[in-house]
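Encoded as structure tokens, the structure appears first; notes follow it.
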There are 2 protein chains.
Amino acid sequence: MLTERQLLILKAIVDNYITHAEPVGSRSVSKREDIDYSPATIRNEMSDLEELGFLEKPHSSAGRIPSHKGYRYYVDHLLSPKKLSKNEIIGIQSMFRDRFSEIEQVIQQSAKILSNLTSYTSIVLGPEVFESTLRQIQIVPISSSAAVAIIVTDTGHVENQTVALPENLDVNELEKVVNILNASLKGVPLVKLRDKLTTEISKVLEKYIDQYDEMLSLLNKTFLSQQNEKVFFGGKTNILAQPEFNDVERVRRLFNIFEEDELISRLFRPEDKGLTIKIGQENRFEPFDDCTVVTATYSVEGKNMGTISILGPTRMEYQRVIGILDYLSKDLSKLLTKRYQQ
Amino acid sequence: MLTERQLLILKAIVDNYITHAEPVGSRSVSKREDIDYSPATIRNEMSDLEELGFLEKPHSSAGRIPSHKGYRYYVDHLLSPKKLSKNEIIGIQSMFRDRFSEIEQVIQQSAKILSNLTSYTSIVLGPEVFESTLRQIQIVPISSSAAVAIIVTDTGHVENQTVALPENLDVNELEKVVNILNASLKGVPLVKLRDKLTTEISKVLEKYIDQYDEMLSLLNKTFLSQQNEKVFFGGKTNILAQPEFNDVERVRRLFNIFEEDELISRLFRPEDKGLTIKIGQENRFEPFDDCTVVTATYSVEGKNMGTISILGPTRMEYQRVIGILDYLSKDLSKLLTKRYQQ
DNA sequence: TGTTAGCACTCGGGAGTGTTGAGTGCTAAA
DNA sequence: TTTAGCACTCAACACTCCCGAGTGCTAACA
């Protein structure tokens, strides 16, 4: 168990390193107002803190920097929640001004606000597709042999895919198919569409539709669509301003990761609701070994909708980030609840 | 007018600099097989070429590098078109294997192929929206107060937008509106939708529809959608491998530009058909002052559809890039023509 | 016994210096 | 006209030196 004074010093060092990004020496700690021990005393404590694994030395004659364990302790025990400033609240509120912009736009906007306020990179995952259900399906021919299949979900999300039409298709037949689908699939979760198609629907179609085989393969194609939740970024390049990323090779690796939506949505999907903080190796993903990911979920009526996250260096302004993320996720939940319930 | 020998030397220097990214000295030029003059002779010619503005010296005791004028001359006069290698052709063909994937997927795929083959960054602009016309419009309610408006174009492109519904809306009314729209707007270019709405349609609606005002504002909202052509990237991070981009601040600026679709689509829209090469300041965009942009257009039946471009350093493998871009744009045109005509 | 002053020690980083080698430009000879 | 020869230039690199920020240890002090 750490002593009062050790806590004080640990907090001072982490605070200082977070703002200045440079190893913290005993002298600068002893100069702080809330601390009046001599540098020598501080040094002794620092040495102990290092032994306990909370601090590290980049090299023998430098100051100390927090270890991952140090950050973890700082986050878990030393952080007093901080109210948002007026500006921050105003910034967030402005997002809700345009009341009826598209839901995806709202989410995209959240990502932007988040990155602006924190000056890190934000990642927002849209509503998880596998939770949403079919509202309507539509097949619009665009030529004699191709059509666009459109799926609208209950969350207002639209997916579309170009599919080949069977030759000599009767347009009325197509209409019949669409009607059958809409009658029997409304409210079915997207992930179950293919099941339903092969079990129930195919029988009905067989009965009423001429070009049964072709139709079935067409529909199979339609329901195959990716079904990934959407990934929105805010301030992709913000993180480059951090001295930790002053190396093009690192930037390259990071941005390669950014390109892979699937990887991103796996990495940033949280295990549970609420706010989680993953520091360094806790991410279990080597390229993020000295990054911190803070994730919050947003939800509608207790149903998890998606997540909003911040990606930054382990040397992150935890207090601000947590405050903002917490506030924003709740506000977003409120806003979406309003939307969906109406 | 340059002498035979000067041409030979200029070409040698540009070739060499393109592959090695280092200033070229007289000795290394004289060692080439196709050149047998002594370094001293070469030096004299190089000095002349510098005076003429085709070459530059980074500093007094370094070799020469091509100036923008040098590249321009090289591209215009010294480049022999080169056939694609088998691998390259196979790579491109593989793109067409999945015959009925979405058209946007094909275009996205082109971008990827392009960047893979060239190891630069590729930018592909989708079909220009203002050329496409309305195929069908659909308004799907997702709650009592919100709906998704969906517009399908003749090119198979789908746009959607969430809109607010008037209170106490009669669903039948909505259906009537949609029917009217579909009957009278099919084939109208997207850019003219709003015009048509205020001129012709509004009168019809006024006659048949109860909640006229609310409906009109709803439709206005629907037709307001961005109408930008889509921007696809391939190998965004490829360009970071170029030594020219070994500076995080530069990378930051570049990627900030990448984020702005509108800027990108303005920058990469060509003035005319065919292949254009913009070297350095010819781009008239300061951040691209030492980049080259090679752009080709693809089209269907002579109608310009979009563009495919390569962004790389001025020190670019022009020959390869031109060959690939030329081939790919033609193949893409062919493919799309097939699609649209069916 | 906890705290602090004093001091020797460490080490990264910046400034200064010398050397190397690739390259140039000029001159004079072939 | 071409080329060999030579003096000159300059970036890059290695080397040294020194400074200063910081540490750890010890001994003295409250």
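Fair warning: this is a prediction, and the values are worked out from it, not measured in the lab. Just so it is clear: chains get the letters A, B, ... in the order the sequence lines come, proteins before strands, and each one is counted from 1.
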Short side-chain N/O contact to D:dT23 OP1/OP2 from A:Ser26, under 4.0 Å: yes
Atom pair distance, as rounded to whole Å: CD in A:Glu22 and C1' in D:dG20: 14 Å
Nucleotide nearest A:Arg5 (side chain, heavy atoms from C-beta), chosen from C:dA5, C:dT3, D:dT3: C:dT3
Touch class at under 4.0 angstrom, heavy-atom based, for B:Ser60 against every strand present: sugar-phosphate
Shortest side-chain distance from B:Ala40, nucleotide among D:dT9, D:dT3, C:dG25: D:dT3
B:Arg64 side chain, from C-beta outward: closest of D:dT3, C:dG25, C:dT10: C:dG25
Residue that, paired with B:Ile123, satisfies side chain to side chain contact (heavy atoms under 4.5 Å, CB included) out of B:Leu114, B:Ile308, B:Ile264, B:Val293: B:Ile264
Nearest-nucleotide pick for B:Thr41, side chain only, options being D:dT3, D:dT23, C:dG25: D:dT3
Proximity to the side chain of A:Ser61 - top-ranked nucleotide from D:dT23, D:dA21, D:dC6: D:dA21
Parallel, tilted or perpendicular: rings of A:Tyr71 and A:His68 (30°, 60°): tilted
Residue A:Ser38, side-chain atoms from C-beta onward, closest of D:dG22, D:dT3, C:dA5: C:dA5
Residue whose nearest DNA chain D nucleotide is more 5′ - B:His59 or B:Tyr37: B:Tyr37
Length of the CD1-C1' vector between A:Ile35 and C:dT4, whole Å: 16 Å
Polar side-chain atom of A:Lys69 near backbone of A:Leu52 as donor-acceptor pair, under 3.5 Å: yes
Side-chain N or O of A:Lys57 closer than 4.0 Å to phosphate OP1/OP2 of D:dG24: yes
Atom pair distance, as rounded to whole Å: CG in A:Asp48 and P in D:dG24: 10 Å
B:Asp290 and B:Arg250 ion-paired at < 4.0 Å: yes
Value in whole Å for how far the P atom of C:dG2 lies from CD of A:Gln6: 13 Å
Nearest-Å distance for atom pair CG/C1', residues B:Asn44 and D:dG5: 14 Å
Gap between atoms CD and P, on A:Glu45 and D:dG24 respectively (whole Å): 13 Å
Residue closer to the 5' end of DNA chain D, A:Met46 versus B:Arg43 (nearest nucleotide): B:Arg43
Aromatic plane relationship, A:Phe285 with A:Phe288 - under 30° parallel, 30 to 60° tilted, over 60° perpendicular: perpendicular
Whole angstrom value for the distance that separates P of D:dG22 from CG of A:Leu49: 17 Å
Touch class at under 4.0 angstrom, heavy-atom based, for B:Ala62 against every strand present: sugar-phosphate
Distance in angstrom units between A:Ile9 CD1 and C:dG2 P, rounded: 15 Å
